[in-house]
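Sequence lines set the chain letters: A, B, ... in the order given, protein chains first and strands last, and positions in each chain run from 1.
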2 protein chains.
Amino acid sequence: MAAVDRSLVANLSMFAGLAPAEQEELLREARSVRYPKDSAVFEQGAEADRFFVLLHGHLRVEKTTPQGQQTVVRYVSAGELFGVAQAMNLSHYPATAVAAVDSVALAWPSSSWARLIAKYPSLASSALQTVGSRLQDTQARVIEISNEQVEQRVAHALLRLAKQAGRKVEAGIEIDFPISRQDVAEMTGTTLHTVSRILSAWETQGLVEGGRQRIVLRDPHRLHLLAEGAEENRPRAPKP
Amino acid sequence: MAAVDRSLVANLSMFAGLAPAEQEELLREARSVRYPKDSAVFEQGAEADRFFVLLHGHLRVEKTTPQGQQTVVRYVSAGELFGVAQAMNLSHYPATAVAAVDSVALAWPSSSWARLIAKYPSLASSALQTVGSRLQDTQARVIEISNEQVEQRVAHALLRLAKQAGRKVEAGIEIDFPISRQDVAEMTGTTLHTVSRILSAWETQGLVEGGRQRIVLRDPHRLHLLAEGAEENRPRAPKP
DNA sequence: CTTCGACCTTGCGCCAGCGCAACAAGCATG
DNA sequence: CATGCTTGTTGCGCTGGCGCAAGGTCGAAG
C-alpha cells in the first residue's frame, strides 16, 4: 500500500545493524497495512504467505483447539516481529492474530524470507532472538501454570501485561488496550468466573481498578509480592 | 576431544544443505564429549559458552524456580541441536541439561556462532526451525495444561515420549530411557502421587506396563483416544 | 544374603476453584 | 428510550486431585 517512512522504523530492533540504504531496500519490499479493531491479521490454519512487523497498536494472538477451546497465546506490541511461521518451516499459521485496537503493520511476502536472510544475516539473528525470547516466555508460563495458585498466575499475567503495554495514568498503570476477564482467564488457564472473583477482591483491597474491558494496576508493588507467593497464603511452605 | 567421523553426522538436519567440505570445516571446530548417565551437560545459570548437537543418548532438560520447584522442560534425542542460548542472546543457560543415559554430544564454542551463521546461513535457518518447533511444543503444552484433565495430560505426555524416544518391544512401545513417575509429574504439572495412581489404574486396564523407571505403552491407540478426551469421562461437553 | 536407599503404591481427608445459574450493568442500535 | 447483546458479578454445591503419611518393592553395593 503506502510507501513507508524510514524514520518510523529506523529504530526497530529488526533493523538494528543495517545501513540506511539496506533499510530502504528492505522497506521497498514491504507493504504497510491497516487493521481495524477486531479484524484478523491472519487466521490459524491459513497459508503463511506473509510475515510482519507491528508498527502501531496491539494484537492478541490466540489458538483454538479442534474441540473449540481457545487460549490467548500472547499479545504483540508495536515494534515486534510476528507471523514468522514460514521461517520456522511451518506452511500455515499456527494461531490467529487479531487487532485488539486499530493497528498498522508492515507486511513482507514469506517468499522473500530466504533471500532476505541470506543477504542480511542480522535478520536471522533478530528473528532467532524474537523466537527465542518467546520460547522463554512460554516456558515461564508452563512453570507458572504448573506450580502456582490461580491468584498468583493472574497477578503475574497482569504485571506482564502492564510491563509490555502499560500506560501511566493518575490512578496507577493502565493496560493500554481493551481486555476482558475472559481474555485474562484464557491467558492464565482458568475461568472467567474465577478471574472476576479475584479482580473484585483485589478491587476491594485497592490493588486494582476495574471496568468494562479495562484494568488499572493501582499498587503494582503489592501485586508483585502476591505474584511471588508472599502474602499470608502459602500453599507449599519451603522448610520449617 | 576426538576427531569426528563425518559419516556419523552427515545426515543431521543441521548439516542438511551443506557441501561435504563445509561439513568438514564445521566439524573441525567441534569437540565430541561423553556424558555419563546423570551428569550435567550444562547447568541453569552457567555462562552459555558452548552449543551442542546430541550424537547419541537422551538428555533431560529441567528448570528450577528460585523457590526450588523443578520442571522437566523437555527431553533431547539424538540428532537435535541444543544449548543454543547464545543464539537467542542469552548469556547464560536458562535450564539444566542432564544425561538420562550415557550420551555423546558435539560441542562448539558459542563464540563461533556469529561467524558460522554469517558463513552458512542455512545454520541460522536450521536453528530457527529447531527453536520454532520447540516453541510450538511448549505452546501446545500450555494449552494442554490449561484445558485438559490430568489423565489426558499424562496420556499426551507418554505418547509424545513414545513418539520421540519409543523403542518397539514385544509388549508394545517402551520409552527408551529411565524415567520416573516424578519426571512424568514434572512434565505434566501434577504430582508424583497422582501419576502413580493413574499409571496403576492404566496397568490394571492393560493400557500400559510399568516398572521401576520404566514405562511401556501396550495400547497406544486406546491411550490416544483417552488423550483426546474420548472415553466416558467428558468434563467439558461440546454442545448437546 | 543382608543392608540401604531410591522409587513406587495406596488410603484418607480436605479445599481451591470449577460448573451452574441467575442477575446486573454497560454499550450500541434503531 | 426501549430493546438486545455483550460483559461482568456473585452465590452455591461439588469434586478432582493434592497433601500427608505409612508402607512396600526393587536394585545396587558390600
Phosphate OP1/OP2 of [N]: any [X] side-chain N/O under 4.0 Å:
X         : N       : result
Thr190(A) : dC18(C) : yes
Gln149(B) : dG17(D) : yes
Arg197(A) : dT10(D) : no
Ser200(B) : dT10(C) : yes
Thr194(B) : dC18(D) : yes

Measure [atom1]/[X] against [atom2]/[N] and give the value in whole Å, please.
X         : N       : atom1 : atom2 : result
Ile145(B) : dC18(D) : CD1   : P     : 12 Å
Leu192(B) : dG23(D) : CG    : C1'   : 14 Å
Glu151(A) : dC15(C) : CD    : P     : 17 Å
Arg181(A) : dA25(C) : CZ    : P     : 15 Å
Ile198(B) : dG16(D) : CD1   : P     : 12 Å
Ile179(B) : dC8(C)  : CD1   : C1'   : 14 Å
Asp38(B)  : dC7(C)  : CG    : C1'   : 14 Å
Trp202(A) : dT9(D)  : CH2   : C1'   : 17 Å

Listed nucleotide nearest any side-chain atom of Gln213(A), set dG8(D), dT10(C), dC18(D): dG8(D)
Below 30° counts as parallel, above 60° as perpendicular, anything between as tilted: where do the rings of His58(B) and Phe177(B) land? tilted
Just by modelled atom types, is the Leu192(A) backbone N or O under 3.5 Å from a matching donor or acceptor in the Ser196(A) side chain? no
Given 3.5 Å as the limit, does a donor-acceptor pair link the side chain of Arg214(B) with the main chain of Gly210(B), or not? yes
Just to be sure I understand the rule, does [X] reach a base, reach only the sugar-phosphate, or reach nothing, if contact means heavy atoms closer than 4.0 Å?
X         : answer
Arg212(A) : base
Ser180(A) : sugar-phosphate
Ser196(A) : base

What I'd like to find out is whether the side chain of Val104(B) reaches to under 4.5 Å of the side chain of Tyr35(B), using heavy atoms alone. no
Side chains of Phe52(B) and Leu81(B): does their closest heavy-atom pair fall under 4.5 Å? no
Walking DNA chain D from its 5' end, the first of Arg153(B) and Leu199(A) to be reached, judged by nearest nucleotide, is Leu199(A)
Which residue, His193(B) or Val195(A), contacts DNA chain C at a nucleotide closer to its 5' end, judged by nearest heavy atom? His193(B)
